[in-house]
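Model, not experiment: these values are computed from the prediction. Sequence lines set the chain letters: A, B, ... in the order given, protein chains first and strands last, and positions in each chain run from 1.
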Protein chains: 2
Amino acid sequence: MNELRNENARAVLATVRERGGHPTALEVYEQVRQMRPKIGLATVYRILHQLTCQGVIRMWGDGSERARYDGRIDRHDHALCTRCGRLLDVPVEIELPRAALEQAARAAGIELDSHEVRIYGRCNDCQARSKA
Amino acid sequence: MNELRNENARAVLATVRERGGHPTALEVYEQVRQMRPKIGLATVYRILHQLTCQGVIRMWGDGSERARYDGRIDRHDHALCTRCGRLLDVPVEIELPRAALEQAARAAGIELDSHEVRIYGRCNDCQARSKA
DNA sequence: ATGGGTGCAAATCCTTTGCATCTGC
DNA sequence: GCAGATGCAAAGGATTTGCACCCAT
C-alpha cells in the first residue's frame, strides 16, 4: 500500500533472500543503503523484526554473536565454522527418523513441533588457510 | 592456588552445574551472590568466560536472547519451548547415522567436528497453561 | 488533516574493560 | 612488595524506542 514502506521493506527482504551467508542486521543495512541511501538502521531493524514476526524470514544465532537473518523459512539444517564463524546452509536433508525425534522430545518434556540440526566444524576456506 | 579466586570460581561452576535450566549470566550472578554476597557481576562474567575457554562449561544461545551457560560439556541435544523460551536437555541420544552427518557436512562445505540437534515445541507447562 | 512509515538521536540491555584495591605469598 | 583476582563504575556494541516530520490519501 504505502509506496515508501514497500520500497524499504522490499529492499530489506530482497537483501536477506538474495545475499548469501545469513547477514547480520548491520550487513543488511549496509547493503540496503546502496539502493536506498537515506534508510536508517532503526528502520532496517524494524523491518527485520516485522518480517520475522510475519514468518517471512527467520532470525538465527548462536548466542555468542549478533543475530543473523535467514531468507529461507523451510526446515533446513546449518553448518557453522567454529574458526571463522561462517554459517552455511546444509543443502541436503539429514535423515532423522521422526520416531526418534518424537521420543527425544517426549523425553525432554516438549511437544515436538520442528527441529534443526547444527553441524560444527571447519569450513573449506579455513582448512585451506590452516594448511598454508 | 588463590583462595578467593577458587571460592568464586567454584561457586560459579557449582551454580552452572547444579542449577537446572541453563542459567544466564545474571541468573548465575544472583544465585552465586547468596553464597558470596560481595561478588560483582563483572567477576561472574570473567569466570564464566574463563570456564568456557577452558572447556569446563559451554555457552549456549539462540541469538534472540542473552547467552546461557550449560554445565554439561558432553555432546547432547536440546529442546526449546517456543512459547516460554525454556531450554531443556534431551536426556536421550538421538540416533543420527554418522554417514548422514558426514555427507551433510561435506555438502555444506564443512569438515564435520560435532553436531547438535535442536527440537522446537511447547513444553509441558505451556501446554497445560494454554488449556487452562 | 490524517495515519502510517521514517530518520535521527537518545535510551536500553547485556557484556566487557579500566583501574585502584586487596589478598596471599 | 609482587602478581593475580576483584569490585565498582564507566565504556562498548547491538538493538529498541521516542518523537517530530513527511508523504500518499
Side-chain angles (χ1 to χ4, degrees), chain A residues 1-16 19 21-54 56-70 84-87, chain B residues 1-16 19 21-54 56-70 84-87:
Chain A
M1 350 202 126
N2 184 305
E3 258 319 296
L4 250 195
R5 192 261 146 111
N6 273 334
E7 290 301 317
N8 280 342
R10 203 169 314 182
V12 168
L13 180 55
T15 296
V16 174
R19 173 177 179 131
H22 308 81
T24 63
L26 202 63
E27 287 167 345
V28 172
Y29 171 60
E30 276 160 5
Q31 180 154 342
V32 167
R33 256 212 298 193
Q34 295 174 9
M35 298 181 254
R36 326 216 84 241
K38 287 192 298 186
I39 199 171
L41 182 53
T43 300
V44 170
Y45 272 107
R46 275 187 283 242
I47 292 172
L48 285 171
H49 180 248
Q50 285 167 24
L51 293 174
T52 302
C53 289
Q54 291 163 18
V56 180
I57 61 175
R58 269 201 206 147
M59 191 184 275
W60 198 100
D62 78 346
S64 58
E65 304 186 330
R66 30 214 140 116
R68 298 171 173 201
Y69 295 87
D70 192 340
C84 70
R86 190 179 307 185
L87 177 62
Chain B
M1 352 201 121
N2 183 304
E3 257 319 297
L4 250 193
R5 192 258 148 118
N6 272 334
E7 290 301 317
N8 280 340
R10 202 169 313 184
V12 168
L13 179 55
T15 297
V16 172
R19 175 181 175 127
H22 307 81
T24 63
L26 202 63
E27 287 166 346
V28 172
Y29 171 61
E30 278 161 4
Q31 182 156 341
V32 167
R33 256 213 296 192
Q34 294 174 8
M35 297 181 254
R36 324 214 84 242
K38 286 192 299 187
I39 198 171
L41 181 54
T43 300
V44 170
Y45 271 107
R46 276 188 282 242
I47 293 172
L48 286 170
H49 181 247
Q50 285 166 26
L51 294 174
T52 302
C53 290
Q54 291 164 20
V56 180
I57 62 173
R58 272 207 203 139
M59 191 184 274
W60 197 101
D62 80 344
S64 58
E65 303 186 332
R66 35 214 135 119
R68 298 171 174 203
Y69 295 86
D70 192 340
C84 70
R86 189 178 309 186
L87 176 61

Between A:Leu51 and A:Val16, does a side-chain contact (heavy atoms from CB on, under 4.5 Å) hold up when you go through it step by step?
-> CA-CA 10 Å; A:Leu51 293 174; A:Val16 174; 5.8 Å; no

Per atom distances to the B:Arg66 side chain, the nearest of C:dG7, D:dT17, C:dC14 is C:dC14

Which part of the nucleic acid does B:Leu26 contact within heavy-atom distance under 4.0 Å: base, sugar-phosphate only, or nothing?
-> nothing

How close or far is atom P of C:dT21 from atom NZ of B:Lys38, stated in whole angstroms?
-> 16 Å

What's the CZ-P distance between A:Arg10 and C:dT6, to the nearest Å?
-> 12 Å

Could you state the atom-to-atom distance from CZ of B:Arg46 to P of D:dG4 in whole Å?
-> 15 Å

B:Asn6 has an atom CG; how far is it from atom P of D:dG4, in whole Å?
-> 15 Å

From CZ of B:Arg36 across to C1' of C:dT23 the rounded distance in Å is 12 Å

To the nearest 0.5 Å, what is the distance between CG (B:Leu48) and CD1 (B:Ile57)?
-> 5.0 Å

Respond yes when some side-chain nitrogen or oxygen of A:Thr43 is under 4.0 Å from OP1 or OP2 of C:dT6, and no when none is.
-> no

Want to settle it: does B:Ile39 or A:Ala25 sit nearer the 5' end of DNA chain D, counting the closest nucleotide to each?
-> B:Ile39

Show the numbers, then the answer: is there a side-chain contact (heavy atoms from CB on, under 4.5 Å) between A:Met59 and A:Tyr69?
-> CA-CA 5 Å; A:Met59 191 184 275; A:Tyr69 295 87; 3.4 Å; yes

Ranking D:dT15, C:dT15, D:dT6 by distance to the side chain of B:Asn8, first place goes to D:dT6

Under 3.5 Å donor-acceptor, A:Glu27 side chain and A:Thr24 backbone | yes

Whole-Å distance, B:Trp60 CH2 to C:dC14 C1', equals 17 Å

Between A:Tyr29 and B:His49, whichever has its closest DNA chain C nucleotide further toward 5' is A:Tyr29

Here the pair of heavy atoms bringing B:Leu41 nearest to B:Tyr29 is N-CE1, 3.4 Å

Is any side-chain nitrogen or oxygen of A:Tyr45 closer than 4.0 Å to OP1 or OP2 of D:dT16?
-> no

May I have the distance from B:Leu41 (atom CG) to C:dT15 (atom C1'), rounded to whole angstrom?
-> 8 Å

CD1 of B:Ile47 versus P of C:dT15: gap in Å, rounded?
-> 16 Å

